[in-house]
Peer 1: 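First, the structure itself, so that you have it in front of you.
Quick note: numbers below take in every heavy atom, side chains included, and nothing from hydrogens, waters or symmetry partners.
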Amino acid sequence: MRTSQLLLPTLREDPGEAETVSHRLMLRSGLIRKVAAGIYTYLPLGLRIIRKVESIIRQEMNRAGAQELLMPVASPAELWRETGRWDFYGKELMRFKDRHERDFCLGPTHEEVITDLFRREVRSYRQLPLNFYQIQTKFRDEIRPRFGLMRGREFIMKDAYSFDADEAGARASYQKMYDAYHRIFTRCGLTFRAVEADTGLIGGTSSHEFMVLADTGEETVVYTETGTYAANVERAELLPPGDDSTEERRPLRPVNTPNCRTVEEVTKFLKIDPSRLVKTLLYTAGDQTVAVLVRGDHDANEIKIRRILGVTEVELAGQAVVEKLTGAPVGFAGPVGLKGVRVIADHAVKTTRNVVVGGNQADTHYVDANWDRDFQVEQFADLRNARAGDPSPRKDGVLKTTKGIEVGHVFMLGTKYSQSMKASFLDPSGKECFAVMGCYGIGVGRTAAAAVEQNHDDKGIIWPFPIAPFHVHLLPLGESPTVKETTSRLYAELETADFEVLLDDRDERAGVKFNDADLIGAPYQVVVGEKGLASGAVEMKIRRTGEKIKLAPADVPGTLLDLSRAFRTPNA
RNA sequence: CGGGGCGUAGCGCAGCCCGGUAGCGCACUGCGUUCGGGACGCAGGGGUCGGAGGUUCAAAUCCUCUCGCCCCGACCA
């Protein structure tokens, strides 16, 4: 491909709208352009990358025995009403009406549609297992789209759905996808980690997220050094700590804490460590209000709270509710003498003696409160976020934290969808059974963006060979006949050798070409200039290392074949 | 949805407080010189200052409303 035939609008300056590395570089290198918040056009170069990622996914899905199909973007509300998700999915589901006022949505995911297909077309256990996948545009009206392709409202996703006759079969299907995901992300040149995760809106029994490790990641991952445990913080379980405190229980007493509302204010005022304070968080879930007690140095985990309460949504109570229940302004809620609400507490509250709690009265706290004496707790549970230094739930050491980008997610769904939609088959004994399902997603654009996050320097992107838009960037300098002749011969030879070559045939100065080449990030650059040719050489630069090699033009294809061999044999 | 910020030429920005001829850099067009890490000279083109309403002799600037976008929090591939 010649630059002159390609819309490749590189930018010299960082666009104001972009903050993160991948967003900035994808805009600057002319891969994407924004149409609306979270909605992008893939320019020719960007689309090449998307297609590369897709093709790796396609190969590995096919290899794992999944079959490709394509479902519609638009789907009728009836299917979604069957599973209850027409209401449950909320505002994130993009809805519209057709000319007959019938409700439709733009698919954010396709469990309903695929399960509908299954129940219509599959009758017998003999047809199982089945695994279908598609690569398709999804719509989710995200609360906050951001970071370019990282979190869009319209995005390309590979989604796969497995159907098995039983749990064991489903586990095997899950494992196949899990293994395929490992191969996919490895081939995309990513450093990643599979972690235990929450199942969120998709539901199901268990799941793993594939996290690309990057500082700009939106997710926090906890893991142990030994590598036997890794989980999303929102999921990571914490075991109840042992109670080895020998501290004497001191008598409860109220103290005056003028204007001290936050943990920081109270602990500073009383000159105590935040771990000696227990905060009382009032959550509303539907029409009930619950007091959740968490130590001052810990963060409450709403997912865990939702799970304990068996509800799908909790929200911190508003000022009015707090004042009504505690009789005090926000900031002074406490469990002592608190009436009319369930009180649940994190495990750590149980083993901490003589704590500070809110006094349910303005400017008042209690010190030396003890749960077994001064207030009632209905249930102790794991209600907080794990943090670095906490013991691993596998008892294999201490947790560490890192940031990650979720590029893939695999779920064991069980029979959640097959039951609600009556997707059944007959087993060998003629009994009707519900299919046991799994579902498996990969964000295609997000994978590309994650690759940029992990592979760049201050000059631009450094594409991993398998997903690079071009393998070789050919840079002729000047217009002399020898340069032109050598360039076109190299171009032809490299294409013959199966390299994708981008030829910068613009009439630009050397510096402009070099800088654009570094920005665009093809793994190899070949510079053809008169200076080099005078001594019979062209110069090859390896983008990642910056290493420059002088070569006779005839040796270029062979050398590049040697250098890239490892990346060209995908199944190695 | 709550909190913060921004909309002025294709891009990055100044001008706005204190109303008075719309500016800078890059990019773009033409000519010339230059040509291995973002050249230089000369001459050009391009903006209803996000939109609507108001105040005023006069509005990019002040006021009201609105739309869009970015960043921080609750969702997710």
Peer 1: For the residue pair A:Tyr440 and A:Tyr181, categorise the inter-ring angle as parallel (less than 30°), tilted (30 to 60°) or perpendicular (more than 60°).
Peer 2: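 A:Tyr440 vs A:Tyr181 ring planes: perpendicular.
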Peer 1: So which nucleotide from B:G12, B:C72, B:A77 ends up closest to the side chain of A:Glu13?
Peer 2: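 The answer is B:G12.
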Peer 1: Provide, to the nearest angstrom, the distance between the CD atom belonging to A:Glu154 and the P atom belonging to B:A77.
Peer 2: 17 Å
Peer 1: Pairing check on B:A52: which nucleotide meets the Watson-Crick or G-U wobble criteria with it, both distances under 3.5 Å?
Peer 2: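 Partner of B:A52: B:U64.
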Peer 1: When the ring planes of A:Tyr89 and A:Trp80 are compared, do they come out parallel, tilted or perpendicular, using 30° and 60° as the limits?
Peer 2: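 Answer is perpendicular, since the angle exceeds 60°.
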Peer 1: When the P atoms of B:G36 and B:C42 are considered, how many whole Å apart are they?
Peer 2: 24 Å
Peer 1: Within residues 41-57 of chain A, which residues have any heavy atom lying less than 4.0 Å from an atom of RNA chain B?
Peer 2: none
Peer 1: Please give, in whole Å, the distance from B:C69 P to A:Glu17 CD?
Peer 2: 11 Å
Peer 1: Sticking with atom C1', work out how far B:C63 lies from B:C16, rounded to a whole angstrom.
Peer 2: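 Per the computed distance, 14 Å lies between those C1' atoms.
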Peer 1: Checking all strands, does A:Tyr181 fall into the base, sugar-phosphate, or nothing category for heavy-atom contacts under 4.0 angstrom?
Peer 2: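 The residue A:Tyr181 makes no contact with any strand.
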Peer 1: Pick out which of A:His471, A:Arg2, A:His473 makes a side chain to side chain contact (heavy atoms under 4.5 Å, CB included) with A:Leu502.
Peer 2: A:His473
Peer 1: Rounding to an integer number of Å, can you tell me how far A:Glu218 CD sits from B:A74 P?
Peer 2: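 Taking CD of A:Glu218 and P of B:A74, I get 10 Å after rounding.
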Peer 1: Suppose we call two aromatic rings close when their centres sit under 6.0 Å apart. Are A:Tyr161 and A:Phe132 close by that rule?
Peer 2: no
Peer 1: Would you call A:Arg295 and A:Asp346 a salt bridge, taking side-chain N to carboxylate O under 4.0 Å as the test?
Peer 2: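 No, no charged N to carboxylate O under 4.0 Å.
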Peer 1: Name the nucleic acid region contacted by A:Lys34, choosing base, sugar-phosphate or nothing; use a 4.0 angstrom heavy-atom cut-off, strictly under.
Peer 2: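 Answer is sugar-phosphate: A:Lys34 comes under 4.0 Å of backbone atoms only.
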Peer 1: So A:Asn385 and A:Arg387, side-chain hydrogen bond (donor to acceptor under 3.5 Å, both in side chains) or not? Walk me through it.
Peer 2: CA-CA 6 Å; A:Asn385 280 338; A:Arg387 59 175 188 180; over 6 Å; no
Peer 1: Nearest heavy atom decides the nucleotide; on that basis, is A:Glu19 or A:Glu142 closer to the 5' end of RNA chain B?
Peer 2: A:Glu19
Peer 1: If I compare all heavy atoms of A:Ser29 with all of A:Leu8, which pair ends up nearest, and what's the gap?
Peer 2: O-CD1, 3.5 Å
Peer 1: Starting at atom CG of A:Leu27, determine the distance to atom C1' of B:C70, rounded to an integer number of angstrom.
Peer 2: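 Taking atom C1' of B:C70 as the reference, CG of A:Leu27 is at 13 Å.
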Peer 1: Take atom P in B:G19 and the same atom in B:A60, then report the distance between them in whole Å.
Peer 2: 13 Å
Peer 1: Under 4.0 Å, heavy atoms only, any strand: does A:Gly445 hit a base, just the sugar-phosphate, or nothing?
Peer 2: nothing
Peer 1: Taking B:C49 as the reference, what is the distance to B:U61 when you measure between their P atoms (whole Å, please)?
Peer 2: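 Here B:U61 and B:C49 have their P atoms 9 Å from each other.
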Peer 1: When you compare B:C17 with B:G50, how far apart are their P atoms, in angstrom units rounded to a whole number?
Peer 2: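 Approximately 15 Å lies between the P atom of B:C17 and that of B:G50.
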Peer 1: Between B:C11 atom C1' and A:Met26 atom CE, what is the distance in whole Å?
Peer 2: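 Answer to the nearest Å: 19 Å.
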Peer 1: Side chains of A:Arg85 and A:Tyr417: donor-acceptor distance under 3.5 Å anywhere?
Peer 2: yes
Peer 1: Under 3.5 Å, is there a donor-acceptor pair between the A:Glu453 and A:His456 side chains?
Peer 2: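 Result is no, nothing qualifies.
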Peer 1: Between C1' on B:C13 and CG on A:Asp14, what's the gap in Å once rounded to a whole number?
Peer 2: 14 Å
Peer 1: May I have the distance from A:Ile303 (atom CD1) to B:G73 (atom C1'), rounded to whole angstrom?
Peer 2: 15 Å
Peer 1: Taking the same atom, P, in B:C26 and in B:C72, what whole-Å distance lies between them?
Peer 2: 32 Å
Peer 1: Check the distance between B:C70's P and A:Arg146's CZ and give it to me in whole angstrom.
Peer 2: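 Rounding to the nearest Å, CZ of A:Arg146 and P of B:C70 are 11 Å apart.
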Peer 1: I'd like the C1' distance from B:A22 over to B:U33, given in whole Å.
Peer 2: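 Rounded to whole Å, the distance is 33 Å.
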Peer 1: Does B:C69 pair with anything, Watson-Crick or G-U wobble, both distances under 3.5 Å, and if so, with which nucleotide?
Peer 2: B:G5
Peer 1: Find the partner of B:A22: check Watson-Crick (N1-N3 plus N6-O4 or O6-N4) and G-U wobble (N1-O2, O6-N3) distances, both under 3.5 Å, and reply none if neither fits.
Peer 2: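 Base partner found: none.
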Peer 1: Quick one: salt bridge (charged side-chain N to carboxylate O under 4.0 Å, His left out) pairs with a partner in residues 528-540 of chain A, sequence neighbours left out?
Peer 2: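 The answer is A:Glu539-A:Lys550.
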Peer 1: Reading nucleotides 30-39 of chain B from the 5' end, what letters show protein touch, with B for base, S for backbone sugar-phosphate only, - for no heavy atom under 4.0 Å?
Peer 2: ----BSBBBB
Peer 1: If pairing requires Watson-Crick or G-U wobble contacts with both distances under 3.5 Å, which nucleotide is the partner of B:G46?
Peer 2: none
Peer 1: Is there a donor and acceptor pair, one atom on the side chain of A:Arg151 and one on the base of B:C75, closer than 3.5 Å?
Peer 2: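 Counting by modelled atom types and ignoring angles, a donor-acceptor contact under 3.5 Å is found here.
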Peer 1: Take the angle between the ring planes of A:His208 and A:Tyr178 and call it parallel below 30°, perpendicular above 60°, tilted in between.
Peer 2: perpendicular
Peer 1: Does A:Arg144 have a side-chain nitrogen or oxygen under 4.0 Å from the phosphate oxygens OP1 or OP2 of B:G2?
Peer 2: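 Looking at the OP1 and OP2 atoms of B:G2, neither is under 4.0 Å from any side-chain N or O of A:Arg144.
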Peer 1: Quantified in whole Å, what is the C1' atom distance between nucleotide B:A52 and nucleotide B:A59?
Peer 2: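 Result for the C1' pair: 15 Å, nearest Å.
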Peer 1: Under 3.5 Å, is there a donor-acceptor pair linking the side chains of A:Arg187 and A:Gln59?
Peer 2: yes
Peer 1: Under 3.5 Å for both donor-acceptor distances, Watson-Crick or wobble: does B:C40 have a partner, and if so which one?
Peer 2: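 Here B:C40 is engaged in a pair, and the nucleotide opposite it is B:G32.
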